[in-house]
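The block underneath contains the structure these notes are about, expressed in structure tokens.
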Number of protein chains: 2
Amino acid sequence: MENNIKFLQTVPLFNGIDEEELTHLLGCIGAKKKTYVKNEFIFLSGDIPTSIGIILSGRVQIIKEDAFGNRTILNDLSAGAVFGESFICGGKFPLTVSAQAAENSSILLCPFDLLMHMCPQACEFHNTLIRNMMVMVSRQNIKLLAQLEVTTKRSLREKILTYLAQLAQEQNSATVTAPLGRVDLADFLGADRSSLTRELKRMQEEDLIQYDKNTYTLVNAVGVK
Amino acid sequence: MENNIKFLQTVPLFNGIDEEELTHLLGCIGAKKKTYVKNEFIFLSGDIPTSIGIILSGRVQIIKEDAFGNRTILNDLSAGAVFGESFICGGKFPLTVSAQAAENSSILLCPFDLLMHMCPQACEFHNTLIRNMMVMVSRQNIKLLAQLEVTTKRSLREKILTYLAQLAQEQNSATVTAPLGRVDLADFLGADRSSLTRELKRMQEEDLIQYDKNTYTLVNAVGVK
DNA sequence: AGTTGTATGTTGCATTTGCAACATAAAGGA
DNA sequence: TCCTTTATGTTGCAAATGCAACATACAACT
């Protein structure tokens, strides 16, 4: 666990909390390390969570599956990311989404339930933790708004362009590398995979974009160099 | 302002903060009441906000407009609601959305910028405020996830059914009243208004739903009475 | 009541899109 | 290396959908 502590100190959630405090905290609440194989579910929609998850290594996707088997990827998280916190911090809501290991992953499960709901005087760094959490959830919020901007677009082409424009802004380049393959990207956009490929091809033919695998270049992009 | 204090005490953000503290707080940070006429913008996309808004009366919509003039309604808020907080609490991000008065409204603008970023020892109730904010932003997060569930649906019919199912769960009834009219609902679903009307009509013909104005009944709904 | 502006309903039409089915390519394991 | 699995590309087709244009209904204001 010791080498994990060093890593955990770099995680935004534990900003401003020193090594001893962190060691004490994790022991005190009974955090447990657990490994998951690819495609294994970490949290399941419908459960009432008591722990947040912190990714020590690997990759986790937050997904939503409906009765028809349609899958939507809501988030794609890598080492250092925290998940499940909204449902804990909002006050014990049943999960409306699932967390699934996108590859073999090592997760630290922290029973934050008590921590978030007990009296604020519990520990001196308790308030720091809540403040960090507020910042993280707020940013997550902004991220969700960005995704909504994509998914509410009326045509697939607009969705693709909006998504690529967001990546371009993040990566500050008109040539961007998407973290998702075709299957996952289609799920993210809320579209059919074959429709996505088809539209990408059309857009390339019309010289709107150029792409190879998961690298895309916006041609005549405005606002980015 | 006195009668506003009574009202503000009922707002979740100020949970656990008593009248004197609240009066002091608002004076200290320089909160200002301002009125807006219908359709007036309160916050504009691109601005870096320094205040959060609290609705004293009226109705405010959080919207996103793109270059083509497509408008998406991200949220529809009434008295007591707070907006703009994610961009303050996440750490001074430029707004990616706008806030617009949906009817004549009275708004309390609270310069929370400093408050959220200054040293935690500022006031004794400062930590209460941050905790409240964390809970609110987390819930907002869950709400955004619900909206994503709707907008990522692959067909308009599924979007409508998902939206109505969510309302049915909230209102615990198979007959629900939507807070949005056709125009706004179409924007919310990310669809064309005429397509929405057409699909609603078809669904009624197929006896999936029944509706009149903004009241909808799910026929053969599962999970609700 | 009359006027104006906005919300809503309706319809034809071209286009987009999901869906299914199949081919090919790439990746991972035995 | 071979085999299996998964990802990706391709295409035909029917259905869904955006769009434009217009009619009607409703609400607000004078």
Side-chain angles (χ1 to χ4, degrees), chain A residues 37-39 58-59 61 66 68-73 76 100-104 150-162 178-206 208-216, chain B residues 37-39 58-59 61 66 68-73 76 100-104 150-162 178-206 208-216:
Chain A
V37 298
K38 181 174 176 175
N39 291 332
R59 204 157 60 90
Q61 288 182 342
D66 69 15
F68 302 105
N70 288 323
R71 204 174 81 111
T72 305
I73 295 180
D76 191 272
Q100 186 178 28
E103 49 191 70
N104 293 346
V150 172
T151 59
T152 50
K153 285 286 179 287
R154 304 238 198 306
S155 74
L156 182 49
R157 175 168 296 198
E158 279 181 293
K159 288 181 189 177
I160 294 169
L161 286 174
T162 305
L180 303 171
R182 290 280 181 284
V183 176
D184 288 352
L185 181 55
D187 283 341
F188 183 90
L189 299 178
D192 181 73
R193 182 188 58 81
S194 71
S195 300
L196 172 60
T197 301
R198 177 173 42 198
E199 188 62 25
L200 283 172
K201 203 174 67 171
R202 278 185 198 155
M203 290 168 77
Q204 188 163 53
E205 283 166 4
E206 295 177 32
L208 273 169
I209 61 168
Q210 284 175 11
Y211 68 99
D212 176 58
K213 314 260 181 186
N214 299 329
T215 301
Y216 305 83
Chain B
V37 300
K38 181 172 178 176
N39 292 332
R59 204 158 60 90
Q61 288 183 341
D66 69 15
F68 303 105
N70 288 323
R71 207 173 82 110
T72 306
I73 295 180
D76 193 90
Q100 186 177 27
E103 48 191 70
N104 294 346
V150 172
T151 58
T152 52
K153 285 285 180 286
R154 302 235 197 312
S155 74
L156 181 50
R157 175 167 297 196
E158 279 180 292
K159 287 180 191 177
I160 294 169
L161 286 174
T162 305
L180 303 170
R182 290 280 180 283
V183 175
D184 288 352
L185 181 54
D187 282 341
F188 183 90
L189 298 177
D192 181 74
R193 182 188 59 81
S194 70
S195 301
L196 172 61
T197 302
R198 175 172 44 198
E199 188 62 25
L200 283 172
K201 202 174 68 171
R202 279 185 197 154
M203 290 168 74
Q204 186 161 55
E205 281 166 7
E206 294 177 32
L208 274 168
I209 62 169
Q210 283 176 12
Y211 68 98
D212 177 58
K213 313 261 182 185
N214 299 330
T215 301
Y216 305 85

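If you're wondering where the values come from, they're calculated on a predicted model, not measured in any experiment. We name chains A, B, ... by the order of the sequence lines, and we start the count at 1 in each one.
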Close side-chain approach of A:Asp184 and A:Arg71, heavy atoms under 4.5 Å:
yes
Side chains of A:Arg182 and A:Leu200: does their closest heavy-atom pair fall under 4.5 Å?
yes
Report for the helix from C:dA1-D:dT30 to C:dA30-D:dT1: angle between first-end and last-end helix axes, five pairs each, rounded to 10 degrees.
60°
With [X] via side chain to side chain donor-acceptor pair (under 3.5 Å) - residues at least two apart:
| X | answer |
| --- | --- |
| A:Arg193 | none |
| A:Tyr211 | none |
| B:Arg59 | B:Asp76, B:Glu103 |

Given protein heavy atoms under 4.0 Å, the one-letter contact record of nucleotides 3-21 of chain C, with B base, S sugar-phosphate only and - none, is simply ----SBBBBBB---BBBB-
Going through the checks in order, is the salt bridge (Lys or Arg N to Asp or Glu O under 4.0 Å) test met by A:Glu206 and A:Arg157?
CA-CA 12 Å; A:Glu206 295 177 32; A:Arg157 175 168 296 198; 2.9 Å; yes
Please list, chain by chain and in numerical order, all residues satisfying salt bridge (charged side-chain N to carboxylate O under 4.0 Å, His left out) with A:Glu205, sequence neighbours excluded.
none
In whole angstrom, what separates B:Glu206's CD from D:dA16's C1'?
12 Å
The single option from B:Thr151, B:Val150, B:Leu180 passing side-chain contact (heavy atoms from CB on, under 4.5 Å) against B:Leu189:
B:Val150
